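To start, the structure itself, in structure tokens.
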Amino acid sequence: MHTFSHGIHPDQAKLTAASPIQRFPFTQNYVVHLAQNAGSPALAIVQAGQRVLRGQVIARPNGLVSVPVHAPVTGTVKQVGTSLDFNGKPTPSVLIAADPSSDQQIWQTHPQDFVQMSPEQIIEAVRDMGMVGLGGAAFPTHVKLKAPPGHSIKTLILNGAECEPFLTSDHRVMVEQSEDIHLGAQILLKATGAQECVIAIEDNKPDAITAMEEICARQGDKRIRVEVFVAKYPQGAEKMLIKALTGQEVPSGSIPASLGIVVSNIATAAEIGHLLPLGIGLTERVVTITGDGIRKPGNYLIPIGTPLNFILQEVGVVGDPYKIIFGGPMMGKSVAFHDSPITKGTSGIVIFAQPQVADEGQLYNCIRCGACIEACPMHLEPYRLGMLARHHSYETMVQDYHLFDCFECGSCSFVCPSNIPLVQQFRISKQFLRDKERHV
Amino acid sequence: MDYIIITKAVIFMLALGGFLAFAIVLANRKLAVEEDPRIDEIEGILPGTNCGACGQPGCRAFAETLVAGSTNPAQCTVSSDAIKNQVAQHLGVQLSQVEKRVARLACGGGSHVARQRTRYVGMESCRAASLVAGGGKGCAWGCLGLEDCGVACTFDAISFSPHGLPIVDIDKCTACGDCVIACPQQLFSLQPVSHQLWVNCKSLEVGDVAEAECEVACTACGRCVADAASGLVVMRDNLPVVNYSLNHFAQRPIIDRCPTGAITWIVDGDKFETGHEAKRVIRQSALPIG
């Protein structure tokens, strides 16, 4: 079994690991953000009052690192303008009113046979289906598949580690859609030109491991194999996966392609395997909705753009929730606006009725216990970075302590006995430096 | 025997010392850098805050440019008139007139008028709050009131109103720009103190939507644009923007028909007056969260 040094063992709390994926009902109004992918937002190509079909392209990509957006529902465009995202910032979006009389048949272009297609055609098809990394960062998949000049891809890793506590969407996808994943892996192998594909799963998901091993044995494709990793947070970070699997470190400031590796989320592979042969765009995704603040936790297949207040109503929220998080509790983001919608990057929604451990503790001074150093998977010195952040020595943090190698997994804050909000300080520092660059 | 060794050692050390002293003297002569003594003198007169408001990285660098004659003592916004005069006399230059600038906040949404949608729990810092769901304030552009600007201000010029909004003391403000960088919402800007027409809002929302989140938000009704001289106030992204190159046309009646008091007229440098038709806010307590 593979693993990496450092990291933490938070309570897994995978409450929904055994609940099968259910289709979520349609609602009346959808808010489709155009900036759902990392990179530049898509440009709307529909007008208010226009009728759209489910699966129809409503926004075209703007630039290289951008993907189109498809209508999640058949209905009428109400408005093309801005709406607030879950950060409270205005973002371009298209509002669609669903047609209640429609049967919500999905719109298909034409079936595509990947065996006949060249790698370039596959990459183009992946972009046209609006595919982004479904793990949370929402980086456009087609950009990843094309190796940068001077590099070639040897290994494809499909990331089914799902180390975030509470989240089980990838777990359920592996159990229920193993055939789609296998087909997606073959498509991605052809697109990248990689020789081998590793499906990475943590050992706390034995049913997923069995399902994936079975399909690999049945299909008999020698290039695709399952590797089991020790369950530890943050095993699902791509740098940790590569370290655990190959023992190599991705150089600071570089991408995995420099080692000939591409890491893709397992759900991304499943959607490609499911949708690409049919010629359908990405209009819905599997989202884990969990936490002690709701009555019906589970894994749901939800149309993108479904507003949060409809979801809360459907899953039966208990009283006034204390905290709602998009993503997992470790790296997810709190939501202030109940009308913010599901985007392509939303892998889970965690709803807490009660304050959790991290919210309560009283703040003490750093006692130099070194727990954060033991926890940091990137082998940084979080306590020192934290002290520098308190004194606003942001430049020193970058030059001497590698601030930008921190990917904000939150392990340091989790273990800190003094309850110092270390990750929060690092995020402030990074944002301050970016802001300052803009001012100069 | 010992006596000889000690003597030898003493002589050797003395010779070594003499040689190195000679080397230092030589280096001092050969490698000496000619520096204008006035730089040190001017630096002594300057306030020594190293705030960077003059555009130089610190007071020493400013003194160097002063002596080189490429800038004027009036560029230092921190020092008093007496100090500036002293520097000008010392250098024998004419003190130019630079208009005093101060930091102005473009938000009137205190806790008694602006809605807070969610309770923020976490680090007491605007920047931290802005990273967590935008701080939970209904208006995405508004002041979060967690005092990042007050912490950044080295001149103690920023105090806070009971409703959490920063108040700039124009006598203490040196226009160093630290608050401009500190504010994650980019609400501060440096403005000449003589400019009286001021848009006290950054909300890009329109009409009732804007007013639902903050009672003093600009609703983009356009009355100020209609009442101002042509080109003085223009509506850009649902927010009036004052073209200060036409500031000589600015008159108080421009603000009078503003329904929310989002556009203000600054009297005596620090009193923000709203128009006659602006609603009067008499509530003092904070709005409930939700």
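This one's a predicted model, so the numbers in the text were calculated from it and none came from an experiment.
Side-chain contact between B:L131 and A:K333 is absent, with no heavy-atom pair separated by less than 4.5 Å. The side-chain heavy atoms of A:P90 and B:W141, taken from C-beta on, include a pair separated by under 4.5 Å. When side chains are defined from C-beta on, B:D148 does not count as touching A:F432, because their heavy atoms never get closer than 4.5 Å.
Across all their heavy atoms, B:I181 and A:K436 have their closest contact at CG2-CG, 4.3 Å. Closest non-hydrogen pair, B:T118 versus A:A336, comes out as OG1-O, 3.0 Å. Taking all atoms of both residues into account, the shortest heavy-atom contact from B:A128 to A:Q424 is O-NE2, 3.1 Å.
Residue contact with chain B, scored on non-hydrogen atoms closer than 4.5 Å, involves the backbone and the side chain of A:I428 alike.
Here side-chain hydrogen bond (donor to acceptor under 3.5 Å, both in side chains) pairs that include residues 205-219 of chain B, with residues two or more places apart or in two chains, are B:R117-B:E213, B:E211-B:K279, B:E215-B:R283.
A distance of 10.5 Å separates CZ in B:R119 from NZ in A:K323, rounded to the nearest 0.5 Å. With rounding to the nearest 0.5 angstrom, the CD atom of A:Q425 is 14.0 Å from the CZ atom of B:R127.
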